There are 2 protein chains.
Amino acid sequence: MSDCYSKYPKHYVAVDCIIFGLNHGELSLLLAQRTIDPERGKWSLMGGFVGEDESVYSAAQRVLTELTGLENIPMEQVGAFGEIDRDPGQRVISVAYCTLVNVDQTDSEALKAHHALWVPLKQLPELGFDHPLMIASAYRWLQKKFMTEPIAFRLLPESFTLSQLQILCQTVIDEEIDKRNFRKRVAEIPSIVPTGIIDKKSSRRGAQLFRFCEKTYQNNPKFKL
Amino acid sequence: MSDCYSKYPKHYVAVDCIIFGLNHGELSLLLAQRTIDPERGKWSLMGGFVGEDESVYSAAQRVLTELTGLENIPMEQVGAFGEIDRDPGQRVISVAYCTLVNVDQTDSEALKAHHALWVPLKQLPELGFDHPLMIASAYRWLQKKFMTEPIAFRLLPESFTLSQLQILCQTVIDEEIDKRNFRKRVAEIPSIVPTGIIDKKSSRRGAQLFRFCEKTYQNNPKFKL
DNA sequence: ACAAAAGTGTTCCCCTTACACCCATGA
DNA sequence: TCATGGGTGTAAGGGGAACACTTTTGT
């Protein structure tokens with residue numbers, strides 16, 4: 001098919017990935033100190049350009065894999081950022097994506113190769129471009145979605161105790177949660193099922209292990225932590 | 001500054017505008033029947049390409065103005081749509097924006113010139129591209145935001161009765177609202193203020209006119225209809 | 001007098017929140 | 001025996017939803 005749009009301008013399109021990581025009970029963000037212009041020396045999110053033969057989402061997935069080695073981790077679109085001057089080098093339109101992964105499952109070699117570091121969320125350095133904006137949007141998204149969609153289970157072992165789940169939630173939303181109320185809510189979620197198995201490693205008394213049942217969730221997506 | 005990104009591909013970037021309109025108590029959508037390829041003959045949203053010298057949001061504003069003659073109407077970004085094949089002509093990455101305007105304040109000449117029509121939301125024709133997806137996202141957005149942010153007042157005269165406001169809300173969310181509960185909620189909103197003036201046109205008894213006070217809203221953005 | 005829209009309070013229920021003690025076990 | 005994390009129920013309060021009648025006035 002002929003290029004029927006040829007009179008219109010084309011643009012660089014990038015993806016920027018806001019990759020939250022859970023790191024021994026601390027929420028971190030994957031950042032890189034730039035070694036090239038523009039914004040050399042400044043910290044930035046993990047970005048990359050969208051290729052000819054990939055969707056924008058695929059480009060984001062590719063960047064995620066290149067950096068963390070993780071595959072098949074769903075991401076959520078934060079939005080498109082289209083100010084003319086948002087990139088001091090050239091005009092670049094960027095689509096931001098966001099996800100939350102487990103730092104332990106991350107490929108530290110790949111990170112090193114990209115000059116990437118996990119930086120605790122509470123100690124973020126000054127960032128280049130419009131990345132602070134993107135991060136703010138993404139963090140709002142994360143705190144909201146985490147408690148209403150089953151993304152916690154990507155960060156937990158297949159079987160987990162309720163205390164593990166609770167501590168994880170507290171870390172992400174950065175608030176204390178009442179244990180009894182929390183367990184009451186868990187009991188209302190059909191897709192979080194007790195296994196009947198007692199884990200003796202985590203405590204002296206032992207704690208029941210639960211698991212998340214994807215199948216049940218499909219049939220009954222009720223989920224409110 | 002040199003083009004430091006020249007090794008990366010460039011893309012066509014479009015905006016698509018989901019323009020909801022209120023038309024004598026009915027919610028409509030601004031659509032055009034395409035007269036050119038691709039998707040000739042199919043109905044579509046109002047789209048356009050992002051130019052060199054405008055932000056993506058400005059491009060959306062420009063399209064809105066070209067079509068409706070309206071200016072300074074805020075729009076909200078629905079998201080970026082980046083599948084490779086979403087446009088059967090060329091690869092085009094599109095950013096969708098959404099707003100709600102008053103059909104009566106719309107420039108019917110401009111609409112005619114663009115082959116654009118207000119189509120009732122409940123009688124949408126088959127649409128080209130991925131526009132059904134965009135519309136679904138936007139409609140969800142609209143229903144959610146309308147009741148928690150002061151966008152109703154763009155569609156009402158400066159002074160309005162509570163019945164006018166209620167009917168408007170009902171139209172947008174497509175549900176009946178209990179009058180007393182509604183008025184109770186309005187009473188809790190500091191930025192909706194009674195004028196003390198009685199409007200005798202709308203009813204025999206007459207109804208008090210209210211207005212929305214932007215200034216109060218800035219100081220006290222509490223708003224839940 | 002009557003039609004048509006304006007205006008006005010109360011009750012109930014559910015959901016959320018706050019809160020404290022006993023249990024089982026390994027060291 | 002004691003320290004550690006696991007496990008459990010109830011009461012009070014707030015917010016949302018349901019609900020019906022009186023008022024005013026133009027015709």
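We use all heavy atoms of the structure for the numbers below, so side chains are in, but hydrogens, waters and symmetry mates are not. Note that the structure is predicted; figures quoted are calculated from it, not measured.
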Let me know the distance between CZ of A:Arg205 and C1' of C:dA27, rounded to the nearest Å. 18 Å
Whole-Å gap separating P (C:dA6) and CG (B:Asp199): 9 Å
Would you say the side-chain atoms of B:Gln77 pair up with the backbone N or O of B:Val95, donor to acceptor, closer than 3.5 Å? no
Side chain of A:Glu188, backbone of A:Lys224: donor and acceptor closer than 3.5 Å? no
Please report the distance, rounded to the nearest Å, between CD in A:Gln208 and C1' in D:dG6. 11 Å
Nearest-Å distance, NZ (B:Lys200) to C1' (C:dA4)? 13 Å
Atom NZ of A:Lys224 and atom P of C:dC14 are separated, to the nearest Å, by 18 Å
Sorted by position of nearest nucleotide on DNA chain C, 5' first, the leading residue of B:Arg180 and B:Gly206 is B:Gly206
Between A:Asp178 and A:Ser203, who's closer to the 5' end of DNA chain C by nearest nucleotide? A:Asp178
Could you check whether any side-chain N or O of B:Arg34 sits under 3.5 Å from a backbone N or O of B:Ser44, counting only pairs where one atom can act as donor and the other as acceptor? no
Answer yes or no: does a side-chain N or O of B:Ser163 lie under 4.0 Å from OP1 or OP2 of C:dA6? yes
Considering only side-chain heavy atoms of A:Lys179, which listed nucleotide, C:dG26, C:dG7, D:dG6, is closest? D:dG6
Check each residue of residues 182-189 of chain B for a non-hydrogen atom within less than 4.0 Å of any atom in DNA chain C, then write out the ones that pass by number, or none. B:Arg183, B:Lys184
Is it true that atom CD of B:Glu214 has more than 12 heavy atoms of other residues, nucleotides or ligands lying nearer than 6.0 Å? yes
Side-chain donor/acceptor of B:Thr65 to backbone N/O of B:Leu70, under 3.5 Å: yes
Distance, rounded to the nearest Å, where B:Leu165 contributes CG and C:dG7 contributes P: 12 Å
Sub-4.5 Å side-chain heavy-atom contact between A:Pro74 and A:Arg154: yes
Is the backbone N or O of B:Asn181 less than 3.5 Å from a side-chain atom of B:Asp178, with the two atoms forming a donor-acceptor pair by type? yes
Round to a whole Å and report the spacing from NZ of A:Lys201 to P of C:dG26. 14 Å
